[in-house]
2 protein chains.
Amino acid sequence: MVNQYEDNLNEIFHALSDPTRREIVYMMAQKERTVSELAEPFDMSLAAISKHIKVLERANLVERNVRGRTHICRLNAASLSQVSEWLRFYERFWSNRFDPLEKELIKAQKKEH
Amino acid sequence: MVNQYEDNLNEIFHALSDPTRREIVYMMAQKERTVSELAEPFDMSLAAISKHIKVLERANLVERNVRGRTHICRLNAASLSQVSEWLRFYERFWSNRFDPLEKELIKAQKKEH
DNA sequence: GTTATATTTAACCATATGGTTAATCAATAT
DNA sequence: ATATTGATTAACCATATGGTTAAATATAAC
């Protein structure tokens with residue numbers, strides 16, 4: 001038990017670093033998809049796509065539902081929200097509105113004068 | 001000119017998939033840091049950290065300022081905001097509030113009845 | 001029961017990754 | 001001038017990645 005949260009982020013960021021996998025994520029965001037549906041747009045073997053889906057699964061970005069011989073894949077956005085959470089800390093660097101922490105700092109500074 | 005935006009995301013996500021690099025990003029978020037300052041907390045050679053910083057640079061997450069023999073690194077949050085932008089599309093999957101697009105869809109559906 | 005379909009797994013390959021140590025380079029200090 | 005310091009680069013290594021083709025598995029259809 002080292003750090004589950006960190007390990008997850010490793011897997012999630014790695015999974016998202018490949019454009020094919022991001023496209024697969026996008027497709028699943030529309031609706032549930034079978035493996036061959038997901039493979040269809042790509043100029044690449046089904047085996048390759050199968051591996052990509054496994055990477056997404058390891059990152060908990062995909063939930064698979066086996067229904068007879070077809071596997072139905074659906075996006076698990078909870079993993080994406082983990083990225084969002086991670087990013088939250090850095091948001092103040094590009095957002096115009098001050099975040100609560102910064103507001104406190106500004107208030108504190110004003111009191112000094 | 002294939003797709004600069006996609007290529008950037010590849011590099012950014014890849015850069016962030018390593019916990020050492022995320023820690024470096026965090027350190028730079030506090031303040032500008034020299035390479036050896038960034039290396040200090042890690043049980044790893046300076047050469048290794050130098051490479052990590054290069055990966056972050058390739059992803060445009062680091063801006064380097066050479067000042068004599070010391071290199072000063074500062075976070076370029078613009079690249080992080082690209083991730084935020086990418087995530088924006090998926091936010092509706094975990095946020096409670098509906099996003100504008102969804103609101104429009106709901107309005108449109110209501111009109112049908 | 002044989003064939004076809006959906007998917008995974010295995011074996012393989014080239015290249016990338018993340019680390020090491022040793023050598024190099026450039027700027028500062030003595 | 002020489003030594004020290006901050007950092008990169010080179011050469012190397014083990015393992016991971018992203019693809020291939022071929023074989024295996026499991027369900028469905030005839």
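Protein chains get the first letters and strands the later ones, always in sequence-line order, with residue 1 at the start of each.
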Quick one: pull up CD in B/Glu11 and CZ in B/Phe13 and give me the separation to the nearest 0.5 Å.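 Result: 12.5 Å between the selected atoms.
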Straight-line distance of A/Ile53 CD1 to A/Leu61 CG, nearest 0.5 Å: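 Going from CD1 on A/Ile53 over to CG on A/Leu61, the span is 12.5 Å.
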Basic-acidic side-chain contact under 4.0 Å: A/Arg88, A/Glu91: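 Here A/Arg88 pairs with A/Glu91 in a salt bridge, since their nearest N and O are under 4.0 Å apart.
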Keeping to residues at least two apart or across chains, list the side chain to side chain donor-acceptor pair (under 3.5 Å) pairs with something in residues 24-52 of chain A.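 As it turns out, the side chain to side chain donor-acceptor pair (under 3.5 Å) pairs with a partner in residues 24-52 of chain A, which skip direct neighbours, are A/Arg21-A/His52.
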Output every pair passing side chain to side chain donor-acceptor pair (under 3.5 Å) with a member in residues 69-84 of chain B, not counting sequence neighbours, ordered by first then second residue.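 Every pair satisfying side chain to side chain donor-acceptor pair (under 3.5 Å) with a residue in residues 69-84 of chain B: B/Glu63-B/Arg74, B/Arg64-B/His71.
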Interface residues of residues 16-27 of chain B with DNA chain D (non-hydrogen, below 4.0 angstrom):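 Residues of residues 16-27 of chain B under 4.0 Å from DNA chain D: none.
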Could you state the atom-to-atom distance from [atom1] of [X] to [atom2] of [N] in whole Å?
X: B/Glu11; N: C/dA16; atom1: CD; atom2: P; value: 12 Å
X: B/Asn65; N: D/dG6; atom1: CG; atom2: P; value: 18 Å
X: A/His14; N: D/dT15; atom1: NE2; atom2: P; value: 18 Å
X: B/Phe42; N: C/dT20; atom1: CZ; atom2: P; value: 12 Å

The contact string for nucleotides 6-12 of chain C, one letter per nucleotide 5' to 3', using protein heavy atoms under 4.0 Å with B, S and - for base, sugar-phosphate only and none, comes out as SBSB-B-
Are B/Met28 and B/Leu80 linked, directly or through intermediate hydrophobic residues, by side-chain heavy-atom contacts shorter than 4.5 Å (ILVMFWY only)?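 Shared cluster, yes.
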Please tell me which of the listed nucleotides, D/dG18, D/dT20, C/dG19, lies nearest to the side chain of A/Ser45?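 The listed nucleotide nearest to A/Ser45's side chain is D/dT20.
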Applying salt bridge (charged side-chain N to carboxylate O under 4.0 Å, His left out), name anything that partners A/Glu6, two or more places apart in sequence or on another chain.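 Result, salt bridge (charged side-chain N to carboxylate O under 4.0 Å, His left out) vs A/Glu6: B/Arg22.
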Of all residues at least two apart in sequence or in a different chain, which pass the salt bridge (charged side-chain N to carboxylate O under 4.0 Å, His left out) check with A/Glu85?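 For A/Glu85 there are no salt bridge (charged side-chain N to carboxylate O under 4.0 Å, His left out) partners, ignoring immediate neighbours.
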